[in-house]
Amino acid sequence: MKNFVVLFFVGLSISVFAQREVTLYGLDNVYQASFVNPVAEPTSKVSVSLLPSIYFGTALPISGRNVIKDDEISPSNMIDGLNKGLWNMTFTDVNLLGIRFKAKKWFWNASIRARNNQKFMVDKDLLELAWYGNGDLLGDDVDLSSMATQATAYTEIGFGGARDFGDKWRFGAKVKLNLGIANASNTSTDAVLYFDPTTYEASLNGGYRINTASLPNIDDEGGFDGLDPVDYLKPNFKNMGLGIDLGAQYKFNDKLSFSASLVDVGFINWKDNPQNYNLEVDGVVKGADAIGAVLRGEDTDSVFISWIEEIADSGDYSTTNEGYSTMTHGQFYFSAKYKLTQSSNVYGRVNMFLWQGVRSSLTAGVSQEFGRFFQLTVNNTIQYNRLFNVGLGLVFKPGPVQIYMVADNVLVSSFVQYDNFDFPIPTYATNVNFRFGINLVFGKIQTEDKIY
Amino acid sequence: MARGMFLLVLAFVSFSCVKNKKKDLGYEDYNAQWAGQVINSRVAVSDFLDANGDNNNLNILVEGDDIILSYADSIDANLSSEYYKLQDASKSKAFKADVIGIPTVNPVPGIPFGPVSLDLGYQLSDFPLDFNDVPISSAEIKEIDVENGELSVLLVNTFSHPIKVVLELESIQDKSGNILVINVDVKADDSVEKIINLSQYTINLKDPSSGALNSFYGEARVSGVTTASPVLATNSLQITSTMRNLSYNYVKGKLGTFSIPISSGNNAISLFDDFDKATDINIETFKIRSTADLDWGIPLGLSLSQMDFINSTSNDTVGDIDGLDDLIKVNALENVDLVGIESVKNVFEWTSEDFPKLKDVFKLQPNEFNHTVQLTANPDNIDDEDMFISRNSSISSKLEGLFYLHGYLRDYNSADTIPLSLDVDLATFNNVSLRFILDNGLPVEYQMDIIFIDDEGNTVEQIIDQVVVEGAEVDSDGTVVGRKYNLKDIPLTREQIDNIMGNVENVVLISRLNTTDADQDKNVRISPDNDAHTIIGFKIGVNIDLDQELGGE
């Protein structure tokens, strides 16, 4: 017991860095596992979230060792190590209300969640241009089509259920009403920057569109002061959408089972004060017509002004007020689990989602129950060209209270501290992923086999 | 299994550590290579012409595909009122008793006499018209439309009885054709003067019966009643009519033949101002154009009595042109009512083929020319009584020397000094390469040397014989038929860059210019839409020490 407490507090003190909630997927006893695994089968008949479950996750493709080289901040080292570009994804999720209960053969669940996600990406080509200059890019297309940014805040109200169908199959689903709070996102056409190798003039062709909803117009004075937590409790039916979670599980035999889920597949139609900021660019940045201006007797200021005006004329900026739609952050999980003993199993898991390409991860882990009071799972995930991302899940159940903590990356091999920096810089970690919460669970389900 | 997992977790936890470097985190130097374009100018000859259009007496003309430098001298003159003046005309006639019909013997009072018509007609003097204060001996006036002036009629009656006089002056009519009639009662032994303002009147001086011009005609009808006073032989009624201070709207008639000096002067030629003695120029096409625009009713003859080209620097007359003495006939307006509405334009041109000597004159680079233009009125002495001059008649004459941009130019040199200061502390430049791209549609080849000098005039760096631009191709007629594309990269070494940065105050551009194939005396034509497209770009290697700039933060 003492070991467990120590481990619990140690676990809490860990500064964790983690990511996709692949660890949460296998914690069937935790109600919040149904967020990623609709067919999660708990051991309690009723589960109610006591405190709002809080999730925070952020990820980058780089760590400290990519940015620092030989005790110097090295943009070249960082850029050379990128694949398509520099990106960031940040998610926050507060489970305001969560309840799950068993009625006959069904496990029903309902939830209200305040959700935020923010993603951005800067093309590697653009970073190379900024750091190395365009000298080596003459004659090549600098592809800017991957530039992306999206920030979405919405309230999700969901209701779902799961049950067994026969001895082999179990299916679950959840339908969700998405009520958008605010959004800013962009769409872009094939934007290409090109530097002529002979004349050195730059041409830019493409279009960018930034959409906002439920936000002030950028031309308005005052700006945006941010969201308050109470905003998530004010449903905005002008920004409405739907979502669905689907899950399935197949018991191959007594030891081996497979499951898969498709979660957060949905959309939001943004119609509350939609603003579209459109920029079409099709022009060439040339030198100034200085010789002609001198011959015409113009002064240098007018030459510069004419040059600026010519550049500005190549862009066409307009604003519209058209509603638009965004997709929610859908993910796919596939898991295979092998039961070693009654209280332990090993598993392999694949996670995929789509954003600026297909992003996938591969997880392998082991899970162990220690009686009814404690469950521990440890795994490693291969993702974003990182071999080691060690995940940890702890579930502690003193009485009806269930305390859980989940993280997908606890590997914190080192920090490095420099004299001219106020905070230590993580050396290897590229992502943070942490969920914590407390549930009340009642009614033990008597089953011969415990399915996780 | 449990212990194993616990140890595993503990092992993971133990990896959490902070390594203190005990030093500052630095910044990688910024090393980038940037290429860009600074100048992109397409300049057509027409742009250059617009900017340098009016310079002293120089006008730049475009006629079709030809560009013409026009040095012109113009003069406008209101010849009529400026030069033509009417003289006063006066005639006095005394009429004795026998003419009037007054009995001279045993006068019986109360006997009416008359009315008797007395002829007041007379011939104007031989010189009713002056030109430039010189009487025109052959002038015969038919009609005067009076602008202003007056008629004075003085009647002196020396008889002892009053006389009633009705003057009917047929020569003087108003705009409606009504004859001027003046009624005068002259008392015995008295005189009366009547003054009539003649504005709005027309004076006809063609005798209706004989057709003679310069003829004033009219009559006086006198009547009265006799008194008992004796009539002396010396008694008379004297009538003196005077037209004076006449100014005209127009004068018609035979207006004589005489010379009018119009323009004589000295005009600058700026074409060769920037040429030095080494420059060799050939003007293949040159014209002299005379334009006279007038609304006179008298045919004129125009002549250039002198044209000399001078180089005032050497004070040499480098060439005079013969053959311009021939009189050029200038047509007249045919209807006086068209004055101010229409005019007759007469244009005469002489080409370089008429004056082959001019090419050699221009090679000597004259900077001024002298000329005299003279007009002769009615040079053929046409006997036409309907010629006219109007108060508003004027003549505008222009003499132009037209230099066509057709020829060749060899060894034209110029030097321009431009202030230039380059002092950049932020970055060092590892290498600099300047790129010159000239897409040349002008039949002009061009070479430029660039010399960087410091504030004391010392040469810091120089770029010699590297900027060379070939001229556009021309056909046998000298017309551009193909462009020349020139691309030149001029790299600067690190040493050169360091010398220029922070030391240069001025840059001297020395230019040498020749037309295409000028060494073969090839004449080229420069037309308005010939153009040159100039692109100047750079490629620079930049190094910035970010540790220094960002302070190592």
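Order of the sequence lines sets the chain letters (A, B, ...), proteins ahead of strands, with each chain counted from 1.
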Taking atom CG of D455(B) as the centre, report whether more than 12 heavy atoms of other residues, nucleotides or ligands fall under 6.0 Å from it. yes
Does OH belonging to Y485(B) count more than 12 external heavy atoms closer than 6.0 Å? yes
Any chance you could lay out the side-chain contact (heavy atoms from CB on, under 4.5 Å) test for I73(A) and E28(B), step after step, and finish with the verdict? CA-CA 6 Å; I73(A) 293 177; E28(B) 182 183 9; over 6 Å; no
Residue pair [X] / [Y]: nearest heavy atoms and the distance that separates them:
{"X": "A32(B)", "Y": "G133(A)", "value": "CB-N, 3.8 Å"}
{"X": "S41(B)", "Y": "D289(A)", "value": "OG-OD1, 2.6 Å"}
{"X": "D29(B)", "Y": "W131(A)", "value": "O-CZ2, 3.4 Å"}

Cationic N near anionic O, under 4.0 Å, D419(A) to K23(B): no
So, does Q37(B) use its side chain to make a donor-acceptor pair with the main chain of K286(A) at under 3.5 Å? no
Kindly indicate whether the side chain of [X], heavy atoms from C-beta on, has any atom under 4.5 Å from the side chain of [Y].
{"X": "L129(A)", "Y": "W34(B)", "answer": "yes"}
{"X": "L25(B)", "Y": "E72(A)", "answer": "no"}
{"X": "K539(B)", "Y": "L138(A)", "answer": "yes"}

Measuring heavy-atom distances to chain A, does I536(B) have an atom under 4.5 Å in its side chain, in its backbone, in both, or in neither? neither
Please classify the contact of I535(B) with chain A as side chain, backbone, both or neither, using a heavy-atom distance under 4.5 Å. side chain
With respect to chain B, which residue among A202(A), A130(A), P424(A) yields the maximal number of heavy-atom pairs within a distance under 4.5 Å? A130(A)
Under a 4.5 Å heavy-atom cutoff, which of Y200(A), F195(A), Y132(A) has the most pairs with chain B? Y200(A)
With side-chain contact (heavy atoms from CB on, under 4.5 Å) as the criterion, how do N40(B) and T199(A) come out once you've worked through the C-alpha distance, each side chain's angles and the decisive distance to 0.1 Å? CA-CA 9 Å; N40(B) 190 321; T199(A) 65; over 6 Å; no
L137(A) portion near chain B, given a 4.5 angstrom heavy-atom threshold: neither
